[in-house]
Amino acid sequence: MNGSRKNVCFVHDKAFDELYYLNTLVKMTKSSCQDREFRGEYFGMDCEGIKKLSSERNDYINMLNLMSDKLSNLININLSIENEILHE
């Protein structure tokens, strides 16, 4: 592998690692929101507050799920790029 290809692979690997770590953080945050929602942690709120918090948590869970899907797509695109670089 020539020098410029090695540099591209190095940069690609760093970008892949960052995407992977970011996706892991998103999934951990989503899991934490889901755990709190499933356990019904509302800290003595009234019924209206519970509904509002539950709705807000579910909105965040949905957004985090979309973020994770997009990050997974970027990870797969990067894997395709890596495959193309390595098999040129």
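Here the structure is a predicted model, which is why all the values come from computation and not from measurement.
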Asp69: side chain to side chain contact (heavy atoms under 4.5 Å, CB included) partners, not counting sequence neighbours
Asn65
Whichever hydrophobic residues join Met63 through chains of side-chain contacts under 4.5 Å:
Tyr60
Output every pair passing salt bridge (charged side-chain N to carboxylate O under 4.0 Å, His left out) with a member in residues 45-54, not counting sequence neighbours, ordered by first then second residue.
none
Begin with the C-alpha distance, continue with both residues' side-chain angles, and end with the deciding distance and a verdict on side chain to side chain contact (heavy atoms under 4.5 Å, CB included) for Glu82 and Leu79.
CA-CA 5 Å; Glu82 180 180 16; Leu79 289 171; 3.8 Å; yes
In chain order, what residues pass the side chain to side chain contact (heavy atoms under 4.5 Å, CB included) check against Ser32, with sequence neighbours excluded?
Arg36
Could you identify which residues cluster with Phe38, counting Ile, Leu, Val, Met, Phe, Trp and Tyr as linked when any side-chain heavy atoms lie under 4.5 Å apart, either directly or through a chain of such contacts?
none
Quick check on Met45: does its CE atom have over 12 non-hydrogen neighbours (other residues, nucleotides or ligands) under 6.0 Å away?
yes
Roughly how far, to the nearest 0.5 Å, is OG of Ser54 from CD1 of Ile50?
9.0 Å
Approximate separation, where rounding is to 0.5 Å, of Leu53 CG and Asn58 CG:
9.5 Å
Linking I/L/V/M/F/W/Y whenever any side-chain heavy atoms sit under 4.5 Å apart, do Ile75 and Met67 land together?
yes
N/O donor-acceptor pairs under 3.5 Å from side chains in residues 10-23, not counting sequence neighbours:
unit_1	atom_1	unit_2	atom_2	d
His12	NE2	Asn78	O	2.6
Asn23	OD1	Ser68	OG	2.8
Asn23	ND2	Ser72	OG	3.4

Checking the side chain of Ser31 only, and the main-chain atoms of Lys27 only, is there a donor and an acceptor separated by less than 3.5 Å?
no
Rounded to the nearest 0.5 Å, how far apart are CD1 of Ile81 and CG of Asn76?
11.0 Å
Between OG of Ser55 and CD of Glu37, what distance do you get to the nearest 0.5 Å?
9.0 Å
